[in-house]
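Just so we're on the same page: letters track the sequence lines, and every chain starts at 1.
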Amino acid sequence: MGKSFFYCEQDYTDNKFRLRKFGRNGSWLEEIPFRPYCYIYGVGNSEFKDAINHKSVKKIEFDNPSNIGLFKSDNLTLESDIPYERRAMLDMDWKIDDVPKVYVDIETNDSHGAPDPNRDEILSVGMIFDDGREEWLHGDEKKMLQEFINLTANVGMMITYNGGTDVWSTRSFDIPYIARRYGKQFEFDNMLRHCAFMDIYQIYKYETSRVGKALAGGMSLDNVAVHELGHGKIRRDKKIYAMPKNELRDYNMNDVRILKEIDEKFQFTDVKIGLAQLTNLNLCAWRRNKKVDELKPLIMVDQLVLKEGKNLGLVWHDRQFSDEESITGAMVLEPIVGVHQGVQNFDVRQMYPNIMINEKISPDKDRIVVPNILMKLKAIREELKEKYKKTKSKEDYINQYGYKVLANVFYGAIGNPACRIYDRSLAQAVTSKGQEILGRVREMCELAGFSVVYGDTDSIFAKIEKSKSESLLGLINNMIKPYEMEAGEYYTRILFLGDMEGEKIIGAKKRYAGITDEGEMKTVGVQSIRRDYCVIAREMQLLALNKVLNGKSEVDLQTCMNNLRKVLPSKIYDSYLVITKGVKNLGEYKLKTKTGKESKGQPHIRALRMAVEKGFQNMFDISFVYTKKDVEPILVDGIFPDDIDYEKYYESQVVAVVEPIIKSIQLQNGTYVIKEKSRKRKTINQSLLEHLSS
DNA sequence: TTTAGGCACAGGGAAGTCATGGT
DNA sequence: ACCATGACTTCCCTGTGCCT
């Protein structure tokens with residue numbers, strides 16, 4: 001081949017099927033090296049056999065890829081559901097290469113408030129290409145957009161911040177806005193059909209949520225940049241439309257630069273390219289006249305499975321969709337409530353992928369396809385990790401990370417009915433083995449005389465002196481071969497939360513806080529790292545955890561709480577009271593009660609409804625505050641209602657997150673007293689008294 | 001239009017419980 | 001003894017975001 005391409009699709013001109021490849025200098029046609037095909041059961045022209053039952057299969061060829069669909073409806077077919085260009089990438093082992101990138105940000109006329117593509121024109125477009133070339137377009141909108149199309153004619157990846165991943169996206173800004181101002185969305189999209197739209201906002205949000213760090217202050221480009229790069233957007237004292245040309249250019253281009261810097265820091269788009277190369281996939285594809293993301297986990301798994309099958313002479317059935325009961329998942333041990341001193345955390349290295357290798361978890365008859373793939377991924381990753389240690393090169397890092405991502409996806413895929421290798425009992429086998437391993441590790445720790453204070457899926461928290469942890473690790477690893485544990489954090493002090501349930505103390509799973517031997521506080525699962533609690537409650541909880549982990553008294557804490565309660569009504573902390581939650585479109589909520597009546601809905605849904613009534617649509621998140629009347633959405637930064645219900649905040653946010661901490665300590669010490677629940681009715685006099693005294 | 005399951009917790013709503021006051 | 005009322009509790013459900 002020689003020539004590098006970044007996008008490949010089937011092309012039908014002059015009544016001939018070909019493949020069109022797109023490269024840095026334009027596109028070119030390639031003759032199809034084989035005809036479209038699928039398989040049916042039967043004997044004849046093929047050495048291949050059904051992967052699952054080893055029945056022999058027959059290859060059926062077609063002149064036109066769309067004929068497979070017609071044939072399929074009348075026959076039991078195998079591998080008939082693989083798009084033609086994907087089939088070509090697989091069979092020819094083609095990979096995309098050298099993807100030209102452009103970072104884009106637009107500024108629009110904001111003189112009417114929130115920009116509306118039907119009314120407000122685009123004032124400028126800022127672009128930075130991967131070779132460092134900067135372009136800034138400004139002036140007549142029609143000419144500007146035409147120039148934009150010209151400049152991006154051979155671009156494979158357009159990268160924005162909240163610009164969306166397709167021209168139809170309703171919750172995103174730049175890309176659909178340009179498309180609508182351009183005229184016809186479809187035409188615009190078609191013009192850039194080879195170009196994948198990457199939204200750093202969405203990727204960042206997804207990736208950071210996976211490692212559990214909700215960003216205080218929201219996910220705006222400015223806030224993310226300040227947090228990740230140390231510098232944000234240019235401060236402005238006027239609206240966009242009122243800016244002189246030079247100022248607008250500086251503002252616009254600075255946005256593009258920080259966008260590029262964020263991407264380069266995390267290598268988000270390079271990782272995507274790495275994954276596409278590993279799986280012989282395009283970044284995007286056209287299906288039913290719409291551009292879609294190709295790098296979805298199931299598609300990546302599909303490609304690898306089909307490829308490995310082909311190597312082994314195996315053919316797979318078509319994907320099937322079924323609705324089955326879910327399986328039993330991981331084991332979570334109940335934590336021992338309270339503060340513990342000296343706790344070592346151990347994790348099983350890559351537990352699920354290794355189980356799938358060692359236990360030969362694979363749907364094919366010989367149980368080798370999935371283990372083979374995972375072993376290859378593992379071996380290459382080890383090699384790349386070693387190489388990365390020496391070279392510190394970006395490519396090596398990205399590739400080893402890509403192999404890790406892919407390995408971890410396989411368990412989820414085998415448990416998803418939409419996946420070609422779906423097998424409920426195999427998924428169950430993986431989790432059962434996981435439970436067994438964790439159970440044995442727990443027994444081993446206890447047998448060696450160390451109490452296990454917590455464990456989740458593949459991790460164990462054992463009470464042990466740091467100096468002894470290595471020898472315990474040795475014992476464990478000897479026992480669980482070929483699996484392998486590694487030491488994680490060592491906590492000098494760690495707190496597990498819990499509550500009474502009847503007569504018993506029950507530990508709360510998946511939430512704890514501790515101080516590592518390096519003196520850092522780590523919080524997991526607790527409200528202070530959840531973005532749907534207000535900042536003041538989150539901060540207060542952090543303070544409480546800090547005090548408790550450092551052995552401070554509870555009295556001290558109560559003083560802080562009282563002070564906070566007094567200062568809240570002064571309004572200076574209003575901005576810390578905003579609660580933000582992710583939302584769907586209003587219509588997607590069930591707003592009917594069991595008896596069929598109209599339901600009031602949950603607070604965030606009521607806030608969403610109010611926002612929609614004010615004309616805000618397609619929001620990812622809703623921000624709101626509790627008021628004395630109900631709730632109120634926060635739609636403009638920095639403007640808050642007068643009647644915020646401060647007492648409610650104190651009770652249902654601040655107390656709600658601090659009290660469980662105090663309670664857990666008391667439960668451990670045995671000083672907790674169950675409050676007598678008086679069945680007496682609260683008289684008017686009592687509540688009056690309370691009101692007067694406060 | 002789809003990688004998995006396990007978990008805590010807020011708040012709404014319906015049904016149940018209890019004290020009160022009237023007949 | 002019986003009933004209506006209102007305040008409160010209990011349980012189930014929806015929804016979100018977290019953990020591995």
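Among the protein residues, A:Ala418 comes within range of the nucleic acid bases, having at least one heavy atom under 4.0 Å from a base atom. Nucleic acid contact class of A:Tyr422 (heavy atoms, under 4.0 Å, all strands): none.
Near DNA chain B, defined here as any heavy-atom distance below 4.0 Å, there are no residues from residues 581-591 of chain A.
Rounded to whole Å, atom P of B:dT3 lies 9 Å from atom CE of A:Met300. Rounding to whole angstrom units, CD of residue A:Gln435 and P of B:dG6 are separated by 9 Å. As a whole-Å value, the separation of A:Met331 CE from B:dA4 P is 22 Å.
Salt bridge status for A:Asp645 with A:Lys629: absent, with no side-chain N to carboxylate O gap under 4.0 Å. A:Asp81 has no carboxylate O lying under 4.0 Å from a charged side-chain N of A:Lys72, or vice versa, which leaves the two without a salt bridge. Between A:Lys509 and A:Glu334 there is no salt bridge, since none of the side-chain N atoms of the basic residue sits less than 4.0 Å from a carboxylate O of the acidic one. The existence of a salt bridge linking A:Asp456 and A:Lys510 is confirmed by a sub-4.0 Å separation between a basic side-chain nitrogen and an acidic carboxylate oxygen.
With A:Phe620 as the aromatic partner, A:Lys205 meets the cation-pi criteria of under 6.0 angstrom to the ring centre and within 45 degrees of the ring axis.
Using modelled atom types and a 3.5 Å distance limit, the side chains of A:Asn354 and A:Lys378 yield a donor-acceptor pair.
Note that the two end axes of the helix from B:dA4-C:dT20 to B:dT23-C:dA1 enclose an angle of 30°, each drawn from 5 base pairs, rounded to 10 degrees.
The listed nucleotides are C:dC19, B:dG12, B:dA10; the one nearest the side chain of A:Ala656 is B:dA10.
Taking A:Arg86 as the reference, A:Ile82, A:Pro83, A:Leu281, A:Arg287, A:Glu294, A:Ile299, A:Asp302, A:Gln303 meet the side chain to side chain contact (heavy atoms under 4.5 Å, CB included) condition, with sequence neighbours excluded.
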